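Since the model is a prediction, treat every value here as computed from it, not as a measurement. Order of listing sets the numbers, starting from 1, for every ligand and every atom in it.
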Amino acid sequence: MQAVQAPIIPIVGRWTRETPGTISLGQGLVSYGPPQESLDALRRFGGDPDDHRYGPVEGQPELISAIEEKLSRENGVEVRPHGRVVVTAGGNMAFLNAALAVADPGDEFVFPVPFYFNHEMAVVMAGCRPVPVPTAAGYQLDVDAIADAITARTRAVVTISPNNPSGAVYPEDALRAVNALCAERGVYHIHDEVYEYFTYDGATHFSPASIGGALPHTITLSSLSKAYGFAGWRIGYMVIPDALFDAVNKIQDTNLICPPRASQAAALAALRVGRSYCAPMVAGLARVRHVVLDTLGGLDDLCEVPPVRGAFYCLARVRTRVPVMTLVERLIREHRVAVIPGNAFGLEGPVVRVSYGALDAASVTEGIGRLVEGLRRLAL
Ligand SMILES: Cc1ncc(COP(=O)(O)O)c(C=O)c1O
């Protein structure tokens, strides 16, 4: 465990709590909670004695059917007969299940940088080696760099789109190229799409598992945490090749036995409401996003912010000599605005992630104002 990086959110959270009045552009949350239908389902939950017993390791059949149906309708992914849906206690658990299922200690996972820190931490915990690879302009995938990084020990290439922390949305052709490369080199393509609904400016989401013949080497991870304001309810899911089901079943049976039944009931109700629930929230976020990108994008003297079209994040490379952890701590303590240091995501130098999902437009505007003021003081 000493080899695993310390989770950054609690550190930034502590500095934030120690500095009352800080506006957090830190944690990756949305501002809204679950649909009313989920809360109603929870009120009805518990009347049947079976509600209190263990359920199937992979989740309740009705929830699995609803997920399969959603994947077919929205993502073009036909799970059966070559794949299986496994409901997990969130997307993080889905990734850990995947890592443990496909790799032996010493195996390698290829991560285009920036990566999501909990993915990298899971790989280290599994006794495996994260292999970071550079990305191209705008944090887009560099397929040649990924190809060069694959060795005999590689078990998977991990992509996230829309991306945390960069906000980049990978185009269909790039995801197709990575997926084909994985097939050719005999490794899995693990694709995280928890931000699939959060795209702007005409960007479209693409699921690699929808590619003909991709299911046997593709693992898709998703979650209700962001789309349905479900973060504390802990419901995510994975689509795995049939051949991995026994392995994932062992892992999840040991770790979780079954996803929490009450949360599954709430999740089923949320999926029945569907995408229309979060569409207006995403439209609202699009306006907040303009404030963020327009303001930070116009500060060439202070920082560089590539335009991105997804999630609710962007990365700012600050023109400063201050080490990134000091930069983040001083932004909090001296300017009362919290951001996340990019080193947690494998980025070198003074890069910070700005998250605008959890705040209303006025708070984001105030927070960005403080950030600009702080950068003016701390930049070169
Ligand atoms: C890319 C990505 N995957 C997975 C997760 C984990 O989400 P969950 O709450 O479903 O575990 C997050 C959360 O921030 C994320 O950014």
Could you go through ligand 1 and note, for every N or O atom, any protein N or O atom closer than 3.5 angstrom, writing the atom names and distance to 0.1 Å, or 'none'?
residue  : atom   : partner : partner atom : Å
ligand 1 : 3 (N)  : D192    : OD2          : 2.6
ligand 1 : 9 (O)  : S225    : OG           : 2.6
ligand 1 : 9 (O)  : R234    : NH1          : 2.8
ligand 1 : 10 (O) : G91     : N            : 2.6
ligand 1 : 10 (O) : S223    : OG           : 2.6
ligand 1 : 10 (O) : S225    : OG           : 3.1
ligand 1 : 11 (O) : G91     : N            : 3.0
ligand 1 : 11 (O) : N92     : N            : 3.0
ligand 1 : 11 (O) : R234    : NH2          : 2.7
ligand 1 : 14 (O) : Y195    : OH           : 3.4
ligand 1 : 14 (O) : K226    : NZ           : 2.7
ligand 1 : 16 (O) : N164    : ND2          : 2.7
ligand 1 : 16 (O) : Y195    : OH           : 2.6

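Ion pairing of D173 with R176 is absent here, as no side-chain N (NZ or NE/NH1/NH2) approaches a carboxylate O to less than 4.0 Å. Salt-bridge formation is not detected for the pair E108/R185: no Lys NZ or Arg NE/NH1/NH2 atom is positioned less than 4.0 Å from an Asp or Glu carboxylate oxygen.
In summary, the side chains of S31 and D360 do not present any donor paired with an acceptor at a separation below 3.5 Å, with no hydrogens or angles considered.
Ring to ring, Y195 and F312 are close: their centroids are under 6.0 angstrom apart.
Under the 4.5 angstrom side-chain criterion for Ile, Leu, Val, Met, Phe, Trp and Tyr, V169 has no cluster partners at all.
Formation of a donor-acceptor pair under 3.5 Å by the Y277 side chain with backbone atoms of P34 is found in this model.
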